[in-house]
Amino acid sequence: MRALIIEDEAKTAAYLRQGLSENGFTVEVCTNGEDGLHQALTVENDLIIIDVMLPERDGWSILAALRKAGIQTPVLFLTARDTVYDKVKGLELGADDYLVKPFDFAELLARVRTILRRGPARQAEILRVADLQLDLPRRKASRAGVRLDLTAKEFALLELLVRRQGEPLSRTLIAEQVWDVNFDSDSNVLEVAIRRLRSKVDDPFPKKLIHTVRGVGYVLEERPE
Ligand code: CA
């Protein structure tokens, strides 16, 4: 089991690292919010413990970014403030549980075990990039509140691009993930599909989200004007 701890207080971080290591976790500690988010986005973890107050980026914003990216790793929040506001905010953003400092390690471990026992975390149901929104259970997409009329294939292609937003995806990877095949190198099936997707997702809107990455493939991301 891999645990990521994002906590700037050295004492608490060391205490958590030791306790979790003794209980069979491989533990990584990040001491600021940016590093923590980067680590959480790039390495697969079984559990993430996030302190609310962090330098560079607070715990809430880390959690929001993770859930937005579709990462459903269980998250336990730590906070020094025992307020209903904090608790509700954390849970609304998709935290799995919440502990107020100072806490007893046995209590933390019990919470961790409960979270992990719940099994695979629930899937994010709504994915968003800028004003683009994908409702996964209903297979519906919209931009700026306007419904996009997509075929099942186009939705699958868009879902892949959104789930991996900011990451240039190769033609091969897209073909394998969306069509479950590897196209011949001279096939233009993907180019045609992207063109059709752009005509629905980007052409009617001033801000373009799907970008060509020369020599690689495509990336979906919100770029500054
Ligand atoms: Ca802190």
Task: Test item: V43 and L4 side chains (from C-beta on) under 4.5 Å apart, heavy atoms - done: no
Task: Side chain proximity check, F77 to V100, heavy atoms < 4.5 angstrom - done: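 A side-chain contact under 4.5 Å is absent here.
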I'd like to know if the side chain of [X] and the backbone of [Y] have a donor-acceptor N/O pair within less than 3.5 Å.
X    : Y    : value
K200 : L150 : no
R198 : D203 : no
K208 : F205 : yes
N23  : G19  : yes
R143 : D131 : no
N32  : P55  : no
T151 : E154 : yes
R67  : I71  : yes
N188 : E191 : no
Q177 : I174 : no

- [ ] Describe, in one word, how the ring planes of Y15 and F103 are oriented to each other, choosing from parallel (under 30°), tilted (30 to 60°) and perpendicular (over 60°).
- [x]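 Rings of Y15 and F103: tilted, as their planes differ by 30° to 60°.
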Open item on the list: If you count every heavy atom of other residues, nucleotides or ligands that lies below 6.0 Å from D149 atom CG, does the total exceed 12?
Closed with: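 12 or below, so no.
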TODO: Mind jotting down which residue pairs meet the side chain to side chain donor-acceptor pair (under 3.5 Å) criterion with at least one end in residues 38-56? Sequence neighbours excluded, please.
DONE: D51-K101
Should the pair [X]-[Y] be classified as a salt bridge under the 4.0 Å nitrogen-to-oxygen rule?
X    : Y    : value
R196 : D202 : no
D97  : R111 : yes
R163 : E159 : yes

TODO: Any chance you could lay out the side chain to side chain contact (heavy atoms under 4.5 Å, CB included) test for I126 and L134, step after step, and finish with the verdict?
DONE: CA-CA 6 Å; I126 308 279; L134 266 65; over 6 Å; no
Open item on the list: Taking L160 as the starting point, is it possible to reach L220 by hopping between hydrophobic residues whose side chains are less than 4.5 Å apart?
Closed with: yes
Task: Single-linkage hydrophobic cluster L109~V29, side-chain heavy atoms < 4.5 angstrom - done: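 As far as the 4.5 Å side-chain criterion goes, V29 and L109 are connected within one cluster.
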TODO: Would you please name every residue forming a side chain to side chain donor-acceptor pair (under 3.5 Å) with R223, sequence neighbours left out?
DONE: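 So R223 forms a side chain to side chain donor-acceptor pair (under 3.5 Å) with H211, E221.
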- [ ] Return the set of residues passing side chain to side chain donor-acceptor pair (under 3.5 Å) with R214 (not counting sequence neighbours), or none when no residue passes.
- [x] none
Open item on the list: For R2 and T73, which I'm curious about, is there any donor-acceptor pair between the side chains at under 3.5 Å?
Closed with: no
- [ ] Show your reasoning for whether side-chain hydrogen bond (donor to acceptor under 3.5 Å, both in side chains) applies to T12 and R17.
- [x] CA-CA 8 Å; T12 309; R17 180 198 284 277; over 6 Å; no
